[in-house]
Colleague: 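Quick one: the structure is below, questions incoming.
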Amino acid sequence: MQIIVPIKQVPDVALNIKVKDGEIVQEGISWVISSWDETALEAALQLTEEAGGEVTVLSIGTAKVQEALRKALALGAHQALHIQCDSSAGWDSYQVAKVLAKTLADQDYNLIITGKQAQDSDAGLTPTMLAEFLGLPQVTNITAFKDVSDASITLHRKGDDGIEISKMTLPGVVTVNDSLAEPRLASMRGIMMAKKKPMETVDIHSLGLAPEVLQSGGLMTEVVQYEKPDERKEGRRFEGDETETVPEVMQNLKKNIGLFA
Amino acid sequence: MDSGVNKNWSSGDEKLLLDTIDHWVENEVKPIAREHDQEDKYPEELVERMKELGLFGSTISPEYGGLGLPASIYAKIVTRLSSVWIVPGGIFNTHLVMAAAIERCGMEAQKQEWLPKMASGELRGGIALTEPDAGTDLQSIRTRADRNEKGYLLNGTKMWITNALHGNCLMVLAKTDLTAQPAHKGMSAFLCHKGAGYDVAKKLKKMGYRAIDTCELTLDNKQVVPEALLGGEEGRGLQQVLGGLELGRINVAARGAGMAEGALKMAVRYAQERETFGKPIAEHQAIQLKLADMATKVEASKLLVESAATKLDTGQRCDMEAGMAKYFASEAGVYCAQEAMRIFGGNSYSTEYEIERFYRDSMLMCIGEGTNELQQIIVAKQLIQRNKI
């Protein structure tokens with residue numbers, strides 16, 4: 001089975017991200033693979049470990065995204081494809097999906113697996129658009145794979161009312177829920193072996209995309225500015241005998257939040 | 001060490017590797033440290049993970065299945081790990097000292113037989129040097145190795161032997177000639193598997209550095225084959241052991257620096273959380289002075305470790321530098337743990353807080369791998385030798 005895993009390099013949201021004048025402060029940002037994409041990679045690795053085949057990771061961006069691709073190789077991906085551009089900052093899902101679709105148009109694969117959304121934008125639009133542009137079936141928010149073959153796959157999807165089970169013909173696109181698998185750690189041997197794995201770099205301008213796709217005119221949506229969410233207020237601890245604290249908690253809920261009023 | 005260093009580790013690889021270590025330490029080591037320490041329980045689950053990560057082959061050459069990490073990167077791994085708990089590092093440090101001795105002094109057949117299995121963690125070893133009446137003064141050991149038709153028969157008692165219980169092999173220093181003068185010419189090193197004649201008399205109870213097996217080991221007619229003699233030549237054991245001391249001391253220095261950093265991190269956090277007289281104690285000058293001293297010692301420790309490790313990696317003499325790093329960083333570990341205890345105040349004395357473990361563990365670094373008093377003597381002697389008038 002040949003699996004493509006598009007990955008996005010995003011700011012590490014575990015760190016304190018600063019916003020100034022409506023822009024994210026780039027200084028001090030640590031860049032990581034979007035966590036849902038790490039889950040997608042883990043799923044792809046598990047599938048190929050069970051059914052055979054290879055995993056190709058793919059990312060769009062400056063030379064910096066090679067760090068993310070190198071990590072993916074260290075985790076076990078077999079090869080990497082870097083679509084190099086001067087900057088993909090400010091791109092929307094439509095543009096990214098267009099570039100991915102063009103890149104993958106003449107590739108051989110059975111499955112494209114991605115995270116259900118990116119950790120920075122949280123849009124969740126790119127995989128759906130990608131499937132549409134490629135004319136492929138898609139199932140989103142997958143929690144498990146079953147009955148895997150090169151021609152079809154059974155998918156467990158987390159829906160609003162429970163788990164939906166569907167069978168999809170391949171090739172196709174799936175997005176994964178983070179409950180699907182716990183991403184593995186890169187072993188030190190994996191990091192050493194990653195050096196020997198192939199990483200191809202393709203200039204984005206060589207893909208033959210319509211020029212407007214890569215320009216601001218290609219945007220379907222635009223992020224106007226960023227704002228920090230309000231600081232979460234510190235909680236209050238009620239200590240002491242429950243016969244005293246419970247009424248006190250109730251009183252506070254009524255008075256301050258309007259509950260049970 | 002220098003011959004096996006894989007020079008292909010780039011700064012990008014180093015970052016990726018240290019990110020992996022940080023993730024592992026935060027998510028798998030930190031959550032279990034307190035419980036294992038308090039129950040003096042061996043961290044079996046971490047050992048399996050350390051095998052997967054490749055830590056048992058960190059400094060073993062790639063040609064023998066290891067990673068060939070330079071000492072400078074290896075020391076950073078040890079520092080990061082020790083900033084949370086020193087025990088896991090102890091499990092592979094002593095193992096790697098044994099492996100380094102084999103790689104440096106062993107015959108090719110010995111390297112082929114031992115190193116790939118040690119790199120994978122299938123064999124997990126340590127070094128058995130110290131005895132009840134011989135530590136720093138190794139020439140006074142009493143363990144003997146008598147030649148017989150099957151090889152050598154080992155008899156004696158070893159003390160403070162890490163990995164003796166949960167590991168499965170050791171490098172044992174013994175006397176092959178009791179009358180040799182000087183005594184070191186009658187000392188040899190042997191590569192021993194567990195088995196008949198290898199008896200762990202007891203797991204030693206310790207103030208700190210708990211959860212790891214530090215044992216008293218009895219060798220009672222332990223038979224080894226002739227090929228167990230490291231390097232195939234008698235009388236070179238002490239030299240073989242001492243030849244790896246710089247790496248060992250850099251290891252211990254890295255652990256001291258890590259403990260100092262861990263104590264500092266906890267203190268910095270606590271000082272901002274804890275309030276007295278209406279403000280966080282971090283705003284009191286008495287606390288600020290402590291934090292400043294701690295932070296300075298942490299930074300200085302890490303730089304000394306890096307300096308010594310870089311010298312080792314580039315094949316330069318580094319006995320004085322390794323001694324300085326070991327001496328300073330281990331004392332910094334104790335200092336920072338003590339100062340953090342004072343910053344934590346009464347809470348420091350509670351086992352609900354991690355800092356008391358650092359206080360108990362840190363002193364080991366001043367004693368192990370050659371006492372700090374010995375390091376001072378080494379530094380002074382080297383200083384004079386390098387600056388003779």
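Everything numeric here is computed off the predicted structure, so don't read it as measured data. In what follows, chains carry the letters A, B, and so on, assigned in the order in which the sequence lines appear, proteins first and then strands, with residues in each chain numbered from 1.
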Colleague: Nearest 0.5 Å please: distance from the CD1 atom of B:Ile77 over to the CE atom of A:Met188.
Modeller: 4.5 Å
Colleague: Is it true that atom NZ of B:Lys265 has more than 12 heavy atoms of other residues, nucleotides or ligands lying nearer than 6.0 Å?
Modeller: no
Colleague: Distance check, rounded to the nearest 0.5 Å: A:Leu185 atom CG versus B:Arg49 atom CZ?
Modeller: 4.5 Å
Colleague: A quick test of your reading: do over 12 heavy atoms of other residues, nucleotides or ligands sit less than 6.0 Å from NZ of A:Lys197?
Modeller: yes
Colleague: If every non-hydrogen atom of B:Glu52 is compared with every non-hydrogen atom of A:Ser187, which pair is closest and at what distance?
Modeller: O-CB, 3.2 Å
Colleague: Under 4.5 Å heavy-atom distance to chain A, tell me which part of B:Leu55 shows up: side chain, backbone, both or neither.
Modeller: both
Colleague: If you count the non-hydrogen atoms of other residues, nucleotides and ligands that lie under 6.0 Å from CZ in A:Phe238, is the total more than 12?
Modeller: yes
Colleague: At what distance, to the nearest 0.5 angstrom, does CZ of A:Arg184 lie from OG1 of B:Thr20?
Modeller: 12.5 Å
Colleague: Is it true that atom CD of B:Glu108 has more than 12 heavy atoms of other residues, nucleotides or ligands lying nearer than 6.0 Å?
Modeller: yes
Colleague: Select one option (side chain, backbone, both, neither) describing which atoms of B:Glu14 are under 4.5 Å from chain A's heavy atoms.
Modeller: neither
Colleague: In this structure, are over 12 heavy atoms from other groups packed under 6.0 Å from B:Glu273 atom CD?
Modeller: yes
Colleague: Return yes when atom NE2 of B:His23 has more than 12 non-hydrogen atoms of other residues, nucleotides or ligands closer than 6.0 Å, and no otherwise.
Modeller: no
Colleague: Going by residue number, which parts of residues 60-85 of chain A are within reach of chain B, meaning a heavy-atom gap below 4.5 Å?
Modeller: A:Arg70, A:Lys71, A:Ala74
Colleague: For A:Lys18, is the NZ atom crowded, meaning more than 12 foreign heavy atoms sit under 6.0 Å from it?
Modeller: no
Colleague: Taking atom CE of A:Met193 and atom CG of B:Leu67, what is their separation to the nearest 0.5 Å?
Modeller: 10.5 Å
Colleague: Heavy-atom count around B:Arg274 CZ within 6.0 Å, excluding the residue itself: above 12?
Modeller: no
